[in-house]
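Structure first, commentary second.
When a residue number appears, it is its place in the shown sequence, counting from 1.
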Amino acid sequence: MTDFFQKNLFKNISLDEYKHLIACMGGRTRTFRPEETICCYDSGSQEIGIIGKGTASVVRFEYNGARTILERLGPQSTFGSMLSYGSSDQTGVSVICNTECEVLFLQYDRISAPCTKACAFHHQLTRNLLDLISCRAQNLSRRVEVLSQRTIRDKLMCFFSQLAVQFDSPSFSLPFTMVDLADYLSIDRSAMTRELKKMKDEKLVEIDRKIVHLLV
């Protein structure tokens with residue numbers, strides 16, 4: 001259980017307080033296999049999930065079978081329909097494991113409801129939850145910026161520039177495979193591959209597997 005006790009939702013909360021909160025909120029853990037669905041946002045679940053180990057993706061499957069990656073999740077990432085992107089229609093949105101994942105589930109209403117004992121650490125948990133929602137709003141803003149670009153090249157360059165700022169370096173590792181990158185950017189995979197080749201030929205980027213180096 002201590003894999004979940006590090007930061008984010010439990011920031012500035014001691015280990016003893018953490019254990020008390022888990023008991024108070026009926027916390028439960030589950031281990032999921034690669035490619036297994038952790039949850040579906042249209043199921044009406046009121047739980048928040050926290051990844052302790054492994055990686056997963058929040059994906060939307062369209063009626064025609066197309067897939068869009070909305071978010072990549074890693075250790076300490078928090079997810080759930082109550083912390084989603086604000087759309088009232090969450091049909092087809094699921095969290096799917098990329099690797100084996102260990103996940104802690106908590107009831108959202110037990111986090112957001114006022115504590116009857118006025119515990120300081122419960123108030124801290126609520127503040128942490130608000131911080132997480134704020135971070136998700138910022139992530140959504142960055143994603144909207146990428147998707148609003150008109151061309152495949154513009155989307156790629158915008159996303160690469162965001163990663164360069166995040167890593168404070170013109171060289172960085174992509175958080176996706178090339179297949180997943182196309183799904184994340186909502187662009188045709190073959191067209192993206194052709195555009196990346198042109199960008200390399202024009203000395204805009206260097207790409208070695210998942211390592212990208214911006215040259216502009």
Side-chain angles (χ1 to χ4, degrees), residues 34-35 37-42 51 54-81 83-99 101 132-216:
E35 306 299 327
T37 298
I38 297 176
C39 69
C40 298
Y41 280 11
D42 55 0
I51 294 181
T55 61
S57 295
V58 182
V59 301
R60 179 189 290 276
F61 292 99
E62 307 297 345
Y63 71 93
N64 61 359
R67 182 188 72 155
T68 299
I69 297 177
L70 301 177
E71 187 178 3
R72 179 58 59 92
L73 306 171
Q76 298 302 308
S77 293
T78 308
F79 63 87
S81 59
L83 297 176
S84 64
Y85 293 88
S87 171
S88 58
D89 180 15
Q90 300 189 75
T91 303
V93 177
S94 303
V95 181
I96 299 178
C97 295
N98 302 317
T99 65
C101 290
L132 285 174
I133 294 173
S134 176
C135 288
R136 285 182 173 274
Q138 294 174 15
N139 291 335
L140 176 59
S141 178
R142 286 190 289 268
R143 178 164 172 74
V144 169
E145 180 185 9
V146 171
L147 296 181
S148 66
Q149 303 301 311
R150 294 182 178 275
T151 68
I152 293 176
R153 176 174 297 196
D154 289 343
K155 288 184 178 183
L156 288 165
M157 289 301 294
C158 182
F159 182 59
F160 291 164
S161 296
Q162 289 179 355
L163 289 177
V165 171
Q166 177 184 334
F167 289 97
D168 193 25
S169 171
S171 297
F172 47 84
S173 177
L174 289 173
F176 305 108
T177 64
M178 287 300 174
V179 171
D180 288 350
L181 177 61
D183 289 343
Y184 180 76
L185 299 178
S186 297
I187 54 183
D188 179 78
R189 299 171 193 174
S190 297
M192 184 191 75
T193 300
R194 291 193 296 270
E195 191 59 43
L196 283 171
K197 183 179 184 305
K198 292 179 183 177
M199 292 167 65
K200 287 188 286 186
D201 291 342
E202 295 173 23
K203 307 298 183 183
L204 297 175
V205 296
E206 291 178 352
I207 301 177
D208 182 10
R209 296 182 182 178
K210 294 178 67 175
I211 303 300
V212 176
H213 180 69
L214 283 180
L215 301 175
V216 292

Looking at every non-hydrogen atom in both residues, tell me the closest pair between Cys39 and Phe79 and how far apart they are.
SG-CE1, 3.8 Å
Only counting residues at least two apart or in another chain, list the ones meeting salt bridge (Lys or Arg N to Asp or Glu O under 4.0 Å) with Lys197.
Asp201
Side chains of Met178 and Met192: does their closest heavy-atom pair fall under 4.5 Å?
yes
Could you pull out the closest heavy-atom pair between Met199 and Leu156, with the gap in Å?
SD-CD1, 3.9 Å
Once side-chain contact (heavy atoms from CB on, under 4.5 Å) is applied, do any residues pair with Ser134, and if so which ones, sequence neighbours excluded?
Gln138
Of all the heavy-atom pairs spanning Gly54 and Pro75, show the shortest one and how long it is.
O-CD, 3.3 Å
One should read off an interatomic distance between Leu181 CG and Thr193 OG1, to the nearest 0.5 angstrom, of 9.5 Å
Sequence-distant partners of Phe159, ring-ring contact (aromatic ring centres under 6.0 Å, His included), two or more places apart
Tyr184
Measuring only between side-chain heavy atoms, which start at C-beta, is Leu163 closer than 4.5 Å to Pro175?
yes
For Pro34 against Asn98, the heavy-atom pair lying closest together:
CB-O, 4.0 Å
Output the distance between atom SG (Cys101) and atom CD1 (Ile96), rounded to the nearest 0.5 Å.
11.5 Å
Taking only residues at least two apart or on different chains, which pairs with a member in residues 152-163 satisfy side chain to side chain donor-acceptor pair (under 3.5 Å)?
Glu145-Gln162, Thr151-Asp154, Arg153-Glu195, Arg153-Glu202
Residue pairs passing the salt bridge (Lys or Arg N to Asp or Glu O under 4.0 Å) test where at least one lies in residues 158-180, sequence neighbours excluded:
Arg67-Asp180, Arg72-Asp180
Just verifying a value: how many Å separate Ile152 CD1 and Ile187 CD1, rounded to the nearest 0.5 Å?
5.0 Å
Output the distance between atom CG (Leu73) and atom CD1 (Ile38), rounded to the nearest 0.5 Å.
7.5 Å
Taking every non-hydrogen atom, the tightest pair across Gly92 and Asp42:
N-OD2, 3.6 Å
Could I get the full list of ring-ring contact (aromatic ring centres under 6.0 Å, His included) partners for Phe160, not counting sequence neighbours?
none
Drop me the distance from Arg60's CZ to Ser186's OG, to the nearest 0.5 angstrom.
10.5 Å
Could you tell me if the side chain of Val205 sits less than 4.5 Å from the side chain of Met157, heavy atoms only?
yes
Evaluate the side-chain proximity of Asp183 to Phe176: yes if any heavy-atom separation is below 4.5 Å, no if none is.
no
Atom pairs and distances, side-chain donor-acceptor, residues 209-216, under 3.5 Å, sequence neighbours left out:
residue	atom	partner	partner atom	Å
His213	ND1	Ser171	OG	2.5

Taking Thr55's backbone N and O only, do any of them form a donor-acceptor pair with Thr99's side chain (distance below 3.5 Å, no angle check)?
yes
